[in-house]
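Take a look at the structure below.
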Amino acid sequence: MPIDVDEVQRRKEIARATLAVAARDGARAVTIRAVAKELGGSTAMVTNYVPTRIALITNAVRAAESRWRADLEARVGELEGKDRLRAIVEWNLSTEPDDLLLRTLWVEMLSSVHTDPNGLDQREPHESRQEFVEAALAAGVPDAELAADVLFLLTRGYFISTVEDPAFWSAERVGRVARAVVDALVGD
């Protein structure tokens, strides 16, 4: 008799196991076999839900998105206009302990686009940029589309920079950058 498995729950378990392997052994150590071992099961236990290494990484990054979304909403709350735009930029340019690990996995995911184009999450970048457009419009930025492009490129560059040299990008340094960019875009 087949076992009834909750697919959403299994994907969450796989995401946690993926993060555990990456945290302990590094992003390059994330494999289907390593994640299956972490779960205490066979590789089929993993491949039934995420068929490739990049799918493992994408699953882990997507699982973190709901936590990120809740954190962002808590941070910006009822802020409006320039204050909301600044808070969104500052949040995107912040680093929590798990973020460096997830960014390392994100870089791994990006590096595979030429071999596994389906592994890349095309939805999230568009949603992120659109959030910048909406916040820039609400802040009265004269060219909200250009502002969104600048902010999107700034935050993506920050993600990579923190993987390259996390110690250099202190909260104070990044906060100054966020304030300067928002002030320049808004016209202060």
Side-chain angles (χ1 to χ4, degrees), residues 3-77 87-132 134-135 151-152 154-164 166 169 171 174:
I3 299 172
D4 188 25
V5 177
D6 180 344
E7 183 176 347
V8 172
Q9 184 59 35
R10 179 57 53 94
R11 285 180 173 275
K12 286 179 183 179
E13 292 167 359
I14 291 169
R16 284 191 295 272
T18 302
L19 292 175
V21 170
R24 184 182 59 244
D25 303 326
R28 296 260 179 204
V30 172
T31 64
I32 290 171
R33 188 174 313 283
V35 172
K37 183 178 177 185
E38 184 73 22
L39 288 167
S42 70
T43 56
M45 180 181 188
V46 176
T47 58
N48 285 338
Y49 302 93
V50 286
T52 67
R53 177 178 183 272
I54 295 307
L56 279 173
I57 292 170
T58 301
N59 181 59
V61 171
R62 284 185 179 152
E65 286 176 359
S66 63
R67 178 181 57 86
W68 290 335
R69 180 69 31 213
D71 188 46
L72 175 60
E73 290 305 318
R75 177 91 173 260
V76 300
I88 290 170
V89 172
E90 288 176 350
W91 180 85
N92 275 280
L93 299 180
S94 65
T95 301
E96 296 298 323
D98 287 347
D99 292 346
L100 289 177
L101 174 62
L102 286 162
R103 287 182 192 141
T104 301
L105 291 172
W106 180 73
V107 169
E108 284 281 316
M109 188 173 66
L110 291 178
S111 70
S112 73
V113 73
H114 65 284
T115 58
D116 187 3
N118 296 323
L120 193 59
D121 184 358
Q122 296 293 329
R123 177 186 43 85
E124 187 279 331
H126 297 289
E127 289 174 358
S128 179
R129 187 187 169 282
Q130 186 59 36
E131 187 169 48
F132 284 132
E134 292 167 9
L151 295 172
F152 182 83
L154 173 69
T155 57
R156 292 310 206 236
Y158 170 74
F159 293 169
I160 292 170
S161 296
T162 58
V163 170
E164 291 174 324
W169 295 102
V174 173

Next on the checklist: R62 vs E65, test: salt bridge (charged side-chain N to carboxylate O under 4.0 Å, His left out). Steps then yes/no.
Outcome noted: CA-CA 5 Å; R62 284 185 179 152; E65 286 176 359; 5.3 Å; no
Next on the checklist: Whether the side chain of N59 engages the backbone of A55 through a donor-acceptor N/O pair (distance < 3.5 Å, no angle test) should be reported.
Outcome noted: no
Checklist entry - Between E134 and R129, does at least one N-O distance fall below 4.0 Å, as a salt bridge requires? => result no
Item to check | Residues forming a side chain to side chain donor-acceptor pair (under 3.5 Å) with D71, sequence neighbours excluded | outcome: W91
Checklist entry - For the atom pair OG (S42) and CD1 (I32), what is the distance rounded to the nearest 0.5 Å? => result 11.0 Å
Next on the checklist: With rounding to the nearest 0.5 angstrom, report the CG to OG1 distance, L56 to T31.
Outcome noted: 8.0 Å
Checklist entry - Can you name the side chain to side chain donor-acceptor pair (under 3.5 Å) partners of T162, sequence neighbours left out? => result R103
Checklist entry - Heavy-atom distance under 4.5 Å between the side chains of L19 and L102, does that happen here? => result yes
Item to check | Closest non-hydrogen atom pair, V61 against W68 | outcome: O-CZ3, 4.1 Å
Item to check | Partner set under side chain to side chain donor-acceptor pair (under 3.5 Å) for E7, not counting sequence neighbours | outcome: R11
Next on the checklist: Looking at R67 and E73, is there a salt bridge between them, counting it only when a charged N and a carboxylate O are closer than 4.0 Å?
Outcome noted: no
Checklist entry - Hey, which of W169, F152, W106 is the one that makes ring-ring contact (aromatic ring centres under 6.0 Å, His included) with F159? => result W106
Next on the checklist: Suppose the criterion is salt bridge (Lys or Arg N to Asp or Glu O under 4.0 Å): which pairs have a residue in residues 34-55, not counting sequence neighbours?
Outcome noted: R24-E38, R53-E108
Item to check | R156 side, atom CZ; L110 side, atom CG - distance, nearest 0.5 Å | outcome: 8.0 Å
Checklist entry - So how far is it from I54 CD1 to S111 OG, rounded to the nearest 0.5 Å? => result 6.0 Å
Item to check | Side-chain donor/acceptor of T104 to backbone N/O of L100, under 3.5 Å | outcome: yes
Item to check | side-chain contact (heavy atoms from CB on, under 4.5 Å) between L39 and R16, worked out | outcome: CA-CA 9 Å; L39 288 167; R16 284 191 295 272; over 6 Å; no
Next on the checklist: Checking Y158 now: which residues fulfil ring pair (Phe, Tyr, Trp, His ring centres under 6.0 Å) with it, not counting sequence neighbours?
Outcome noted: none
Next on the checklist: Holding to side chain to side chain donor-acceptor pair (under 3.5 Å), I want the full list of residues that pass it with R75, two or more places apart in sequence or in another chain.
Outcome noted: none
Item to check | Nearest-0.5 Å distance, CG of residue N92 to CG of residue L151 | outcome: 8.5 Å
Item to check | Taking every non-hydrogen atom, the tightest pair across A63 and A15 | outcome: CB-CB, 3.7 Å
